[in-house]
Amino acid sequence: MTTNTPTSPFAGRPVIALLAIAALMLAAANLRGGLVVVGPLVMEIRAALDISASAFSLLTTLPLICFGVMSICVPWLTRRWAPQWIAIVGLMVISLGVGLRLVDNYSLVIVGTLLLGSAIAVLNVLIPGLVKAFFPNSVGLMTGLYSVTLSLGAGLGVYLAIPLLEQFGHWRVPVAVWAVFPLFCLLFWLPMIRVKGVGRPANPMRVSLWKDKIAWSITLYMGLQSFYFYSMATWLPKILIENGLDAHQAGTATALINLVSIPFNLLVPILAAKMANQRVLVLGTFMVSFTGIAGLWWQPDAAPLLWAAFIGMGCGSSLSLALSFFVLRANNTAQATALSAMAQSIGYLLAAFGPVSLGLLRDVNGHWQWALLLMLALQLGQLVAGWSAARAINVVPDQDRK
């Protein structure tokens with residue numbers, strides 16, 4: 001079922017449209033930086049808090065669980081409050097969460113981590129719906145820009161951590177940047193409150209998609225691509241080091257994943273929006289991902305940068321495709337938000353098992369071959385799910401089914 005594309009609320013208002021683009025992109029930039037900045041600072045943070053490696057790992061694994069648990073609540077929130085207000089409160093909670101991670105009390109750091117992960121989960125789900133509401137005629141371009149900004153925010157979080165630590169002599173400075181940045185973004189979001197036609201519906205209705213096959217295909221695609229990305233981001237350096245590469249070479253290959261993904265983050269949604277169906281993109285994404293993992297399985301030390309480049313292409317393309325499906329397979333903002341919530345809730349819960357599963361297979365077998373074979377098998381599953389999700393068929397809410 002399809003409907004006519006609605007008019008943008010910024011039609012004939014270029015200045016406010018640019019302000020809205022800035023608001024969306026700045027919000028996206030906050031969705032990873034405050035999480036990943038602790039990675040390069042692990043030794044300093046562990047020393048300050050006097051915690052073990054396993055206790056520190058909660059700072060990176062708890063947010064994924066929050067993503068899965070909190071995502072499903074976003075449609076309920078949008079039926080009660082305007083999405084602009086939810087975004088504003090979400091940015092404030094991100095600031096509070098990162099701020100609590102600056103203290104010398106591990107319990108408060110955990111509370112801050114839960115707040116940070118929960119607020120990011122809400123914005124993860126909310127922004128694709130706002131893209132459709134703000135720019136219904138440019139969903140491909142805006143989804144691409146959103147995906148690129150998401151990756152750049154994560155990259156800056158990691159890249160700036162050590163230089164800021166060295167410049168100011170304390171690990172709290174690079175972390176504090178991500179507590180202040182969301183407050184700056186509020187300057188762009190407060191004018192969005194006055195945008196008409198995007199607030200809470202006059203007669204809000206619950207949109208349920210749990211019986212829709214397309215929604216389940218998109219959900220599975222989202223889950224498997226998240227499993228793929230977080231598993232590779234976690235274990236690729238160790239895989240390469242155990243196969244003879246030094247730490248510098250392994251780090252360069254891992255950094256290449258994010259670098260190579262950026263152009264695909266932008267281009268794939270633009271192409272997806274122009275296609276009747278996206279099966280060519282699904283197939284191409286599968287081929288590069290499968291090639292990268294197969295190369296690691298076959299001969300990881302032969303061409304590590306090439307395998308990492310293929311993996312980066314696949315990660316960037318699959319994330320952008322998943323985000324595109326949220327808006328391309330929905331008829332309106334409410335459906336896009338409900339689809340995003342369903343897919344991200346189950347998807348991130350599935351992703352949380354990725355690094356653990358691969359690490360367990362490595363420990364049991366003493367090598368990475370079986371773990372990589374699992375990743376190859378899951379790529380086939382992702383292909384099947386994406387092939388179904390790429391059909392030119394929109395979701396149908398459960399309440400509209402006869």
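Note that these values count all heavy atoms, side chains included, but never hydrogens, waters or copies made by symmetry.
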Side-chain touch [X]/[Y], heavy atoms, less than 4.5 angstrom:
X: W81; Y: I88; result: no
X: Y228; Y: I293; result: yes
X: M375; Y: F227; result: yes
X: L123; Y: L126; result: yes
X: V288; Y: S317; result: no
X: L296; Y: M232; result: yes
X: L160; Y: V177; result: no
X: L24; Y: I127; result: yes

Exam field: side chain [X] to backbone [Y], donor-acceptor pair closer than 3.5 Å:
X: R101; Y: G97; value: no
X: Y106; Y: A55; value: yes
X: Q369; Y: W297; value: yes
X: S340; Y: V125; value: yes
X: S71; Y: G68; value: no
X: Q344; Y: N124; value: yes
X: W235; Y: P355; value: yes
X: R46; Y: F56; value: no
X: R362; Y: W368; value: no
X: S318; Y: C315; value: yes

Evaluate the side-chain hydrogen bond (donor to acceptor under 3.5 Å, both in side chains) criterion for residues S147 and S320: first the C-alpha distance (whole Å), next the side-chain angles of each, then the deciding distance (0.1 Å), finally the verdict.
-> CA-CA 6 Å; S147 183; S320 296; 3.1 Å; yes
Please tabulate, for the side chains in residues 266-274, all donor-acceptor contacts under 3.5 angstrom to protein atoms that are two or more places apart in sequence or on a different chain.
none

In chain order, what residues pass the side-chain contact (heavy atoms from CB on, under 4.5 Å) check against L183, with sequence neighbours excluded?
->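 S95, L186.
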Who are the side-chain contact (heavy atoms from CB on, under 4.5 Å) partners of I72, not counting sequence neighbours?
->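 Listed in chain order: W210, S345.
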To the nearest 0.5 Å, what is the distance between [atom1] on [X] and [atom2] on [Y]?
X: L319; Y: F264; atom1: CG; atom2: CZ; answer: 13.5 Å
X: L328; Y: I393; atom1: CG; atom2: CD1; answer: 14.0 Å
X: L49; Y: L59; atom1: CG; atom2: CG; answer: 7.5 Å
X: I120; Y: M70; atom1: CD1; atom2: CE; answer: 12.0 Å
X: T219; Y: F326; atom1: OG1; atom2: CZ; answer: 7.5 Å
X: L116; Y: L35; atom1: CG; atom2: CG; answer: 4.5 Å

Got more than 12 heavy atoms from elsewhere within 6.0 Å of CG, D363?
->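 Yes, CG of D363 has more than 12 neighbouring heavy atoms, counting only those of other groups under 6.0 Å.
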Does atom CE of M275 have more than 12 heavy-atom neighbours from other groups under 6.0 Å away?
->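 Counting neighbours around CE of M275, more than 12 heavy atoms of other residues, nucleotides or ligands fall under 6.0 Å, so yes.
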Steps toward side-chain contact (heavy atoms from CB on, under 4.5 Å) verdict (L19, M192) = CA-CA 8 Å; L19 196 62; M192 296 299 104; 4.0 Å; yes
Geometric class of the W307/W298 ring pair [parallel <30°, tilted 30-60°, perpendicular >60°] |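 Perpendicular: the ring planes of W298 and W307 meet at over 60°.
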Between F184 and F181, how do the two ring planes meet: parallel, tilted or perpendicular, split at 30° and 60°?
->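 Answer is parallel, since the angle falls under 30°.
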Residues two or more places apart in sequence or in another chain: which of them pass side-chain hydrogen bond (donor to acceptor under 3.5 Å, both in side chains) with S208?
->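 For S208 the side-chain hydrogen bond (donor to acceptor under 3.5 Å, both in side chains) partners, ignoring immediate neighbours, are D398.
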Just checking, any donor-acceptor pair under 3.5 angstrom between side chains of D301 and N243?
->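 D301 vs N243: no donor-acceptor pair found between side chains.
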By salt bridge (charged side-chain N to carboxylate O under 4.0 Å, His left out) - contacts of D104 (at least two apart) |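 With neighbours one apart ignored, the set is R172.
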Would you list the pairs meeting ring pair (Phe, Tyr, Trp, His ring centres under 6.0 Å) in which at least one residue belongs to residues 328-365, sequence neighbours left out?
->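 For residues 328-365, and leaving out neighbouring residues, the ring pair (Phe, Tyr, Trp, His ring centres under 6.0 Å) pairs sorted by first residue read F67-Y348.
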Carefully, step by step, assess V122 and C73 under the rule side-chain contact (heavy atoms from CB on, under 4.5 Å).
-> CA-CA 8 Å; V122 171; C73 301; over 6 Å; no
Go through F325 and L339 one step at a time and tell me if the side-chain contact (heavy atoms from CB on, under 4.5 Å) criterion holds.
-> CA-CA 9 Å; F325 288 148; L339 181 56; 5.6 Å; no
